[in-house]
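Throughout, numbering of the chain's residues begins at 1 and tracks the sequence.
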Amino acid sequence: MGGKVLFTASTYSHIVNFHLPYLRKFQEEGWTVHAACGGRSMPIPDVEAKTVAGGGAVDGGERGSGADHGPLGL
C-alpha cells in the first residue's frame, strides 16, 4: 500500500530528531514522504520534498500570508 504522507513541525530539527524512524518506515512501505517545517532549513533524510511552513517566503509569497503554497501545492 503506498500513498502520500506529510509530516509537519515547527522546526526542521524536530523532524530530524524525533521522526526519522517514521519517515524511513513510510518510505520502505512505498509511501511518498513530504515534510513542512519552519525555522532554519536543514537536510531531512528520506523526504521527497520539503517546504517552509509559516516562517518564511518561498517563491515570492508573503511571510505568513498563506499566499505561498510551496512545492507541495497545499
Side-chain angles (χ1 to χ4, degrees):
M1 175 178 162
K4 295 180 183 179
V5 62
L6 171 65
F7 281 81
T8 61
S10 58
T11 63
Y12 282 82
S13 62
H14 180 87
I15 296 286
V16 171
N17 290 316
F18 299 104
H19 295 289
L20 288 184
Y22 304 104
L23 300 176
R24 288 186 185 119
K25 184 63 176 174
F26 274 104
Q27 284 247 319
E28 289 170 4
E29 297 293 324
W31 289 68
T32 301
V33 179
H34 297 270
C37 312
R40 187 180 309 219
S41 180
M42 64 188 299
I44 303 174
D46 302 312
V47 170
E48 306 266 336
K50 62 183 181 178
T51 190
V52 176
V58 179
D59 297 331
E62 292 184 29
R63 186 178 187 90
S65 70
D68 172 81
H69 301 295
L72 302 180
L74 301 175

Please list every donor-acceptor pair under 3.5 Å in which a side-chain atom of residues 13-22 meets a protein atom from a residue at least two apart or in another chain.
{"from": "S13", "atom 1": "OG", "to": "T11", "atom 2": "OG1", "distance (Å)": "3.2"}
{"from": "H14", "atom 1": "NE2", "to": "H19", "atom 2": "NE2", "distance (Å)": "3.1"}
{"from": "N17", "atom 1": "ND2", "to": "S13", "atom 2": "O", "distance (Å)": "2.9"}

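The salt bridge (charged side-chain N to carboxylate O under 4.0 Å, His left out) contacts involving residues 31-41 comprise nothing, where partners must be two or more places apart or lie in separate chains. Within the structure, every pair that satisfies the salt bridge (charged side-chain N to carboxylate O under 4.0 Å, His left out) test and touches residues 7-24, not counting sequence neighbours, is listed here: R24-D46.
The nearest pair of heavy atoms linking V33 to Q27 is CG2-CG, 3.7 Å. The two residues I44 and C37 have their closest heavy-atom pair at CD1-SG, 4.1 Å.
Contact of the V5 side chain with the T32 side chain is not registered, since no non-hydrogen atoms from C-beta on lie closer than 4.5 Å.
Separating the CG atom in L23 from the CD atom in E48 is a distance of 11.0 Å, to the nearest 0.5 Å.
The salt bridge (Lys or Arg N to Asp or Glu O under 4.0 Å) test applied to K4 returns no partner, not counting sequence neighbours.
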